[in-house]
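Positions are given from 1, in the same order as the sequence printed here.
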Amino acid sequence: MRCGLLLNRGALWIGAHWSPANRRWCINLLPCVTFWVALWGGKEPERAGKKTGRVDLVR
């Protein structure tokens with residue numbers, strides 16, 4: 001399971017959504033700031049790279 005923080009100018013909404021194809025939750029508590037959690041076998045957002053915080057919760 002991995003999680004991270006993503007700064008995204010296009011995410012002007014507040015709320016959460018589940019992506020069954022990517023096995024990932026994306027949660028916006030502030031506009032343009034997304035906290036994401038990818039479950040086992042899930043994919044992290046393509047924009048999540050070296051510029052964002054990314055953490056493996058379980059090794």
Side-chain angles (χ1 to χ4, degrees):
M1 185 175 348
R2 294 180 310 264
C3 68
L5 201 58
L6 180 64
L7 301 177
N8 181 6
R9 286 190 223 170
L12 295 173
W13 53 278
I14 295 175
H17 73 90
W18 164 251
S19 172
N22 294 316
R23 294 186 41 88
R24 177 180 69 223
W25 279 100
C26 291
I27 305 159
N28 280 33
L29 297 176
L30 298 170
C32 303
V33 179
T34 303
F35 174 73
W36 58 269
V37 178
L39 302 179
W40 295 110
K43 297 179 183 176
E44 62 186 46
E46 291 181 12
R47 289 175 288 219
K50 296 178 182 176
K51 295 182 180 179
T52 62
R54 180 174 49 198
V55 175
D56 288 329
L57 295 177
V58 179
R59 295 180 193 258

Here the side-chain hydrogen bond (donor to acceptor under 3.5 Å, both in side chains) pairs for residues 23-34, sequence neighbours left out, are Asn28-Thr34
Qualifying residue, where the test is side chain to side chain contact (heavy atoms under 4.5 Å, CB included) with Val33 and the options are Ile27, Leu6, Leu5
Leu5
Of all the heavy-atom pairs spanning Cys26 and Trp36, show the shortest one and how long it is.
SG-CB, 4.2 Å
Taking every non-hydrogen atom, the tightest pair across Arg2 and Gly42:
NH2-O, 3.0 Å
So how far is it from Met1 CE to Cys3 SG, rounded to the nearest 0.5 Å?
8.5 Å
Under 3.5 Å donor-acceptor pairs involving side-chain atoms of residues 7-16, not counting sequence neighbours:
{"unit_1": "Asn8", "atom_1": "OD1", "unit_2": "Gly10", "atom_2": "N", "d": "3.1"}

